[in-house]
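Contents: one structure, followed by commentary.
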Amino acid sequence: MDHLKASIRMVERDIKRLEQSHLPEEVIDVLAPKAASVLGQLKTEFNKKTQL
């Protein structure tokens with residue numbers, strides 16, 4: 001579970017960096033939803049593991 005927590009924190013940090021980056025808006029518009037999807041999957045998996 002520590003690995004999942006660390007991954008969640010890493011993706012959250014990366015999403016913040018992406019939002020603050022100087023990348024073109026089109027790039028952010030493509031990457032942000034994918035990162036949010038991965039974050040959601042990680043959180044779902046973490047919640048499943050904690051309920052066992």
- Query: Say you draw a straight line from CZ of Phe46 to CG of Leu39; how long is it, rounded to the nearest 0.5 Å?
  - Reply: 12.5 Å
- Message: Once rounded to the nearest 0.5 Å, what's the spacing between atom OG1 of Thr50 and atom CD of Glu45?
- Response: 10.0 Å
- To the nearest 0.5 Å, what is the distance between CD (Glu26) and CG (Asp29)? 7.0 Å
- Query: Between the side chain of Ser7 and the main-chain N/O of His3, is any donor-acceptor distance below 3.5 Å?
  - Reply: yes
- Query: What heavy-atom pair brings Ile28 and Ser21 nearest, and what distance separates the two atoms?
  - Reply: CD1-OG, 3.8 Å
- Task: Decide yes or no for Glu12 and Lys43: does some side-chain heavy atom of the first lie under 4.5 Å from some side-chain heavy atom of the second?
- Result: yes
- Rounding to 0.5 Å, atoms CG (Leu23) and CG (Leu31) come to a distance of 7.5 Å
- Message: So, taking the atom named CD1 in Ile8 and the one named CE in Met1, what distance separates them when rounded to the nearest 0.5 Å?
- Response: 10.5 Å
- Salt bridge Asp14-Arg17, side-chain N to carboxylate O under 4.0 Å: yes
